[in-house]
Amino acid sequence: MRIFIGVAWPYANGPIHLGHIVGAYLPADIFARYQRMQGNEVLMVSGSDEHGTPITITAEKEGKSPQEIADRYHKINSEVMEKMGISFDLYFRTSHPHHEEVVKEFFLRLWENGYLYKKKMLLPYCPKCNRFLPDRYVVGTCPYCGYENAHGDQCDNCGRMLDPKDLINPRCAICGTPTEFRETEHIFFALSKLEESILKWIRDKTYWRDNVIKFTRNFVKGGLKDRAITRDLEWGVEVPLDGFDDKRIYVWFDAVIGYLSASIEWAKQNNKDWEVFWKDKNTKHYYFLGKDNIPFHTIIWPAMLMAHGELNLPYNVVANEYLRFSGEKFSKSRGIGVWMPELLENFHPDIIRFYGTVNMPENRDSDFTWDDFVQKVNEELIDKFANFVHRALIFAYRNFGEIPTRGEVDEVDREAIKTITQTLKKMNEYMDNVELKKAFKEWLNLARYGNVYFDRKAPWALCKESREKCATAINISLQIVQALAVLGAPFLPFTSERIWKFLGNEDSIFLHRYTEAIKNLQVGKKLNKPEVLFEKIKREEERYEKWEQIDLRVAEVESVEDHPNEDKLYVLRINLGNEKRTLIAGLKRFYKKEELFGKKIIIIANLEPANFRGVKSEGMLLAGEDDTTVGFLTPQGNVPLGSKVQANGIQSNPKGILKFKKFQKMKMEVVNIEKENGRIVAKGNKDYAIDFKVPEDWIGKQGVVFIDKKPLILHIGDILIAPVKYVKPGGKIR
RNA sequence: AGCGGGGUGGGGUAGCCAGGAAAUCCCGCCGGGCUCAUAACCCGGAGAUCGGUGGUUCAAAUCCACCCCCCGCUACCA
């Protein structure tokens with residue numbers, strides 16, 4: 001059987017992140033590898049989507065050409081795919097001339113078949129930006145659901161496809177100027193003509209995933225409208241008709257054709273036949289993508305293929321939900337998430353693939369957290385699986401050096417063999433159904449079972465008793481190891497390959513069939529010296545390097561004197577509980593002596609001492625200031641003198657004194673602590689999300705944040721540190 | 001507000017669409033075993049009125065209705 005696998009094309013406007021991998025490329029690759037090991041002929045393609053306005057905008061920002069931007073990210077993302085072991089037959093790109101040719105041919109064919117037509121239309125034009133706006137760059141109110149920030153192409157709220165002119169109060173998404181509509185001529189795709197056919201086609205796709213069916217039905221409900229497939233742009237595929245020199249084919253039309261162009265290119269490069277993949281009705285087409293891409297793959301692309309007339313339609317569209325990062329959406333601009341190039345620098349691809357599979361958002365959004373990542377990898381992948389493989393292999397290697405003979409088997413042995421067989425069977429079922437997580441769970445169970453079997457047989461003791469029995473136990477243990485390697489190969493290709501070698505094989509595991517997981521080992525085959533498969537991930541404690549250097553403490557002012565030689569300064573005598581110090585403070589313009597006397601203040605206790613005109617200051621008092629007010633910091637409740645200030649519950653523990661210069665580099669700000677949508681936000685110069693459990697009574701109060709890797713709020717236990725009087729949020733601390 | 005997801009032993013989850021005997025797995029906790037292995041492994045135990053209320057049914061975590069609570073999205077981006 002032949003299987004075509006198309007994976008949504010990542011946009012070449014930035015490096016891809018873990019969400020992309022886990023939501024599309026990894027599941028696709030697992031499926032592809034599995035199908036190949038089932039003996040099917042697989043063609044899997046994807047590539048960089050390099051056209052479209054966002055790239056031109058990035059290019060403008062950086063003063064580069066769109067091609068340069070596309071080149072950069074195409075390279076980066078190709079490397080990511082390669083390193084992750086995503087086994088594309090071709091990872092193509094839409095700016096490739098061959099792709100453009102295919103798009104034009106496709107276009108002309110649709111034109112000839114009567115599915116494209118010219119139409120003069122009024123398009124949104126931003127008088128300020130001086131250009132026609134792409135659909136996505138027009139925002140306004142959705143006519144269907146009333147959502148105010150609907151984009152011109154699609155309402156993100158109700159999911160309906162829109163045309164910019166449907167929007168109420170359209171405005172430019174870039175500058176906010178109300179848009180004008182100017183006349184221009186464009187090519188339309190007669191989607192409406194195909195509505196019936198699409199509905200009919202969808203009807204029997206009951207085996208699709210729930211989310212895909214639901215989303216698609218919902219989408220078609222509103223009726224299919226003809227869509228313009230050209231834009232007033234310069235960056236994109238040219239329109240192969242006269243009079244359209246200043247227009248380009250729109251990305252959504254262009255990018256999906258990539259599946260075809262990449263197939264053709266692959267055939268060309270490898271001297272293969274692409275047509276059997278696209279025209280032979282027995283070839284099944286699978287598409288892997290994130291949920292936002294569903295309508296393009298269940299409606300538009302199929303409609304385009306229908307209009308084309310002789311190409312295969314999708315058999316299954318496998319859409320995943322989103323992977324969130326600590327509960328938030330991945331966001332480049334906010335720096336939330338993990339990006340692949342960086343992740344790959346720190347972790348073995350199979351570790352990423354393991355976690356990606358275990359936490360795959362197959363049916364619902366899932367959440368990435370570092371804690372969970374470390375725990376799952378260490379405890380499930382390494383402790384359970386890798387350790388079992390290693391203990392079995394090293395035992396075999398040391399005691400036999402080859403695959404030992406399987407002698408007479410007992411109950412326990414029979415059960416083990418049965419477990420292997422059943423695992424294969426179950427995994428086959430799940431994999432055929434594209435239920436990757438379930439399949440993988442079976443695999444993990446087998447690894448767990450391996451330990452159980454090994455323990456039950458206790459070969460270390462058995463060997464002393466009977467070498468023959470021990471050999472049998474080890475033979476079967478290695479049988480489990482082999483099964484794990486073969487069955488796990490689609491998921492952890494690199495590791496499976498290694499284990500395969502340890503088992504004494506010379507060739508690649510991928511030359512073998514999935515069913516060989518249960519094949520009897522060749523007795524007497526020399527084993528290779530096993531190595532540890534993975535080092536455990538060290539759980540790195542969160543470190544706040546800046547905060548750790550400063551020692552803030554509570555002190556009480558015992559006396560206030562004028563500085564003898566400098567009339568802006570006070571000389572304070574302060575009590576730190578077990579210690580008294582002299583401090584210089586520049587508060588004379590803002591506070592009278594009696595306003596300071598007896599007050600609790602916050603001082604930097606480990607600041608390098610400094611001389612102010614003959615008086616030595618042993619520390620520094622902290623105050624928040626805006627342009628009119630200075631409010632010294634003070635604990636909002638009773639705390640013992642000398643108490644150490646904490647930040648998000650973290651005690652600083654500075655080793656030495658803090659240089660004044662270093663202190664100057666530290667950022668502290670006055671903030672208003674508020675609760676928004678259930679989370680705590682500290683509003684200063686900007687909104688700081690506080691991920692620290694804050695007592696209810698702090699909400700609505702002022703506080704102080706210390707900016708480290710993330711904003712830390714200052715307190716002592718339940719007592720908040722804040723300016724003694726209201727200072728505008730964002731006020732600096734000095 | 002709209003849309004989407006969720007509320008299952010201390011934490012994180014599976015099961016729910018196709019209702020049925022002991023509710024899954026990981027971590028944690030308690031007790032035991034083992035010492036071959038990456039302080040890894042194995043066994044046993046405590047611990048859940050499956051968010052609430054009402055309904056359908058011989059039978060509901062699972063179906064229906066209503067309610068409560070959480071979270072996400074509504075910025076380029078799977």
Side-chain angles (χ1 to χ4, degrees), chain A residues 7-11 13-27 49 52-55 57-58 136-137 139 142 144-151 155-160 173 210-211 213-215 218 288-294 319-324 327-334 337 358-359 361 363-367 369 371-372 375-376 378-380 382-384 386-396 398-399 437-438 441 444-445 448 450-463 470 473-474 477 530-536 677-679:
Chain A
V7 198
W9 293 42
Y11 202 54
N13 196 27
I16 56 170
H17 54 63
L18 188 60
H20 296 110
I21 289 289
V22 161
Y25 309 102
L26 177 59
D49 176 1
T53 313
I55 286 179
I57 288 177
T58 303
R136 219 179 153 76
Y137 282 77
V139 291
C142 172
Y144 299 103
C145 69
Y147 173 60
E148 286 178 11
N149 290 307
H151 287 266
C155 174
D156 300 313
N157 185 20
C158 61
R160 240 175 288 241
D210 256 12
N211 57 347
I213 294 177
K214 249 196 246 168
F215 203 101
N218 202 14
F288 287 81
L289 46 275
K291 62 175 160 189
D292 56 333
N293 242 324
I294 292 172
N320 286 289
E321 304 284 310
Y322 284 147
L323 178 76
R324 277 181 279 108
E328 292 186 87
K329 198 176 177 181
F330 278 69
S331 161
K332 202 199 308 178
S333 50
R334 285 190 301 169
V358 162
N359 205 15
N363 298 308
R364 63 189 61 170
D365 287 357
S366 62
D367 198 18
T369 64
D371 262 4
D372 190 52
Q375 193 196 308
K376 291 236 165 75
N378 280 349
E379 284 157 9
E380 296 185 42
I382 302 182
D383 289 350
K384 290 285 191 306
N387 179 53
F388 165 68
V389 169
H390 188 246
R391 80 194 281 214
L393 281 170
I394 200 116
F395 192 96
R398 281 181 192 152
N399 291 285
K437 260 171 117 166
K438 280 188 181 169
K441 214 168 178 181
L444 211 50
N445 278 337
R448 224 170 271 136
N451 281 311
V452 174
Y453 174 79
F454 205 84
D455 262 49
R456 277 200 208 153
K457 300 301 278 191
W460 56 92
L462 203 57
C463 262
C470 182
I474 294 307
S477 296
E531 296 155 12
V532 161
L533 294 173
F534 304 103
E535 292 297 338
K536 285 215 212 185
N677 301 323
R679 54 172 41 205

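Here the structure is a predicted model, which means the values were calculated and not measured.
A salt bridge links A:Asp455 with A:Arg391: the distance from a Lys NZ or Arg NE/NH1/NH2 to an Asp or Glu carboxylate oxygen falls below 4.0 Å. A:Lys291 has a carboxylate O that lies under 4.0 Å from a charged side-chain N of A:Asp365, or vice versa, which qualifies the two as a salt bridge.
Base pairing analysis places B:C3 opposite B:G72; the two distances defining the Watson-Crick or G-U wobble pair are each below 3.5 Å. Nucleotide B:C41 forms a Watson-Crick or G-U wobble pair with B:G33, both donor-acceptor distances falling under 3.5 Å. Pairing partner, B:U13: none, since no Watson-Crick or wobble contact has both distances short of 3.5 Å. Pair check for B:G54 finds B:C64; Watson-Crick or G-U wobble, both atom distances under 3.5 Å. Remark: B:A21 base-pairs with no nucleotide; criterion is Watson-Crick or G-U wobble with both hydrogen-bond distances under 3.5 Å.
Heavy atoms of A:Phe454 sit under 4.0 angstrom from at least one base atom. Residue contacts shown for A:Ile382 include a base, since a base heavy atom lies under 4.0 Å away. Heavy atoms of A:Val532 sit under 4.0 angstrom from at least one base atom. At the heavy-atom level, A:Ala386 lies under 4.0 Å from base atoms of the strands shown. Residue contacts shown for A:Gly19 include a base, since a base heavy atom lies under 4.0 Å away. At the heavy-atom level, A:Pro459 lies nowhere under 4.0 Å from the strands shown. If you check every strand for non-hydrogen atoms under 4.0 Å, A:Leu323 touches a base. Contact annotation for A:Asn293: backbone-only contact, meaning every heavy-atom pair under 4.0 Å involves sugar-phosphate atoms and none involves a base. Backbone-only contact: A:Arg324 has heavy atoms under 4.0 Å from sugar-phosphate atoms and none from a base. Across all strands shown, A:Phe395 has heavy atoms under 4.0 Å from sugar-phosphate atoms exclusively, and none from any base. Within the nucleic acid shown, A:Gly23 has no heavy atom closer than 4.0 Å to any nucleic acid atom. Contact annotation for A:Ala24: no contact, since no heavy-atom pair falls under 4.0 Å across all strands. At the heavy-atom level, A:Tyr25 lies nowhere under 4.0 Å from the strands shown. As judged by a 4.0 angstrom heavy-atom cut-off over every strand, A:Leu533 is placed among the base-contacting residues.
Taking the P atom of each, B:A40 and B:C26 are spaced 15 Å apart, rounded to whole Å. Rounded to a whole angstrom, the distance from the P atom of B:A14 to that of B:A60 is 24 Å. Between the P atoms of B:C29 and B:G11, the separation comes to 15 Å (whole Å). Nucleotides B:G45 and B:U56 are separated by 39 Å at their C1' atoms, to the nearest Å. The C1' atoms of B:A75 and B:C17 are separated by 35 Å, rounded to the nearest whole Å. Only the P atoms considered, B:G10 is 28 Å distant from B:C64, to the nearest whole Å. Going from the P atom of B:A39 to that of B:U53 covers 49 Å, rounded to whole Å. Using P as the reference atom, B:U62 and B:G54 are 14 Å apart when rounded to the nearest Å.
A search for side-chain contact (heavy atoms from CB on, under 4.5 Å) contacts involving A:Leu533 returns A:Phe385, A:Ala386, A:Val389, A:Thr495, A:Arg498, A:Ile499, A:Phe502, not counting sequence neighbours. With sequence neighbours excluded, no residue forms a side-chain contact (heavy atoms from CB on, under 4.5 Å) with A:Arg364.
Per the geometry, NZ belonging to A:Lys291 stands 8 Å off C1' belonging to B:C73, to the nearest Å. Atom CG of A:Asp383 is separated from atom P of B:C25 by 18 Å (rounded to the nearest Å). The distance from atom CG of A:Asp372 to atom P of B:U13 is 8 Å, rounded to the nearest whole Å. The separation between A:Asn445 atom CG and B:C42 atom C1' is 16 Å, rounded to whole Å. A straight line from CG of A:Asn387 to C1' of B:C42 spans 12 Å, rounded to a whole angstrom. What separates CG of A:Leu393 from C1' of B:C41 is a distance of 16 Å, to the nearest Å. We find that CG of A:Asp367 is positioned 14 Å from C1' of B:G11, with the value rounded to whole Å. Taking atom OH of residue A:Tyr322 and atom P of nucleotide B:G6, one finds them 16 Å apart after rounding to whole Å.
Among the nucleotides B:A78, B:G6, B:U38, the one closest to the side chain of A:Arg364 is B:G6.
How far NZ of A:Lys376 is from CG of A:Asp371: 11.0 Å, rounded to the nearest 0.5 Å.
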Pair A:Ile21-A:Ile16, side chain to side chain contact (heavy atoms under 4.5 Å, CB included): steps then yes or no: CA-CA 8 Å; A:Ile21 289 289; A:Ile16 56 170; 3.8 Å; yes
Derivation and outcome, side chain to side chain contact (heavy atoms under 4.5 Å, CB included), residues A:Asp383 and A:Lys536: CA-CA 9 Å; A:Asp383 289 350; A:Lys536 285 215 212 185; 2.7 Å; yes
From CA spacing to verdict: side chain to side chain contact (heavy atoms under 4.5 Å, CB included), A:Asp372, A:Asn359: CA-CA 10 Å; A:Asp372 190 52; A:Asn359 205 15; 4.1 Å; yes
Residue pair A:Tyr322, A:Ser366: steps toward the side chain to side chain contact (heavy atoms under 4.5 Å, CB included) verdict: CA-CA 7 Å; A:Tyr322 284 147; A:Ser366 62; over 6 Å; no
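Note: A:Trp460 and A:Phe454 have tilted aromatic rings, judged against thresholds of 30 and 60 degrees for the angle between ring planes.
The shortest distance between the side-chain N/O atoms of A:Arg448 and the OP1/OP2 oxygens of B:C42 is not below 4.0 Å. In this model, the phosphate group of B:U13 is not approached by any side-chain N or O of A:Lys376 to a distance below 4.0 Å at OP1 or OP2. For A:Arg398, a side-chain nitrogen or oxygen approaches OP1 or OP2 of B:A37 to under 4.0 Å.
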Distances for protein N/O vs nucleotides 27-34 of chain B N/O pairs under 3.5 angstrom?
from  : atom 1 : to       : atom 2 : distance (Å)
B:C27 : OP1    : A:Lys384 : NZ     : 3.3
B:C27 : O4'    : A:Gln375 : NE2    : 3.2

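Between A:Lys438 and A:Leu289, the residue whose closest nucleotide on RNA chain B is further toward the 5' end is A:Lys438. Position along RNA chain B of the nearest nucleotide to A:Asn451 versus A:Leu18 favours A:Asn451 as the more 5'-ward residue.
Panel note: side chain A:Asn399, backbone A:Phe395; a donor-acceptor pair is recorded below 3.5 Å.
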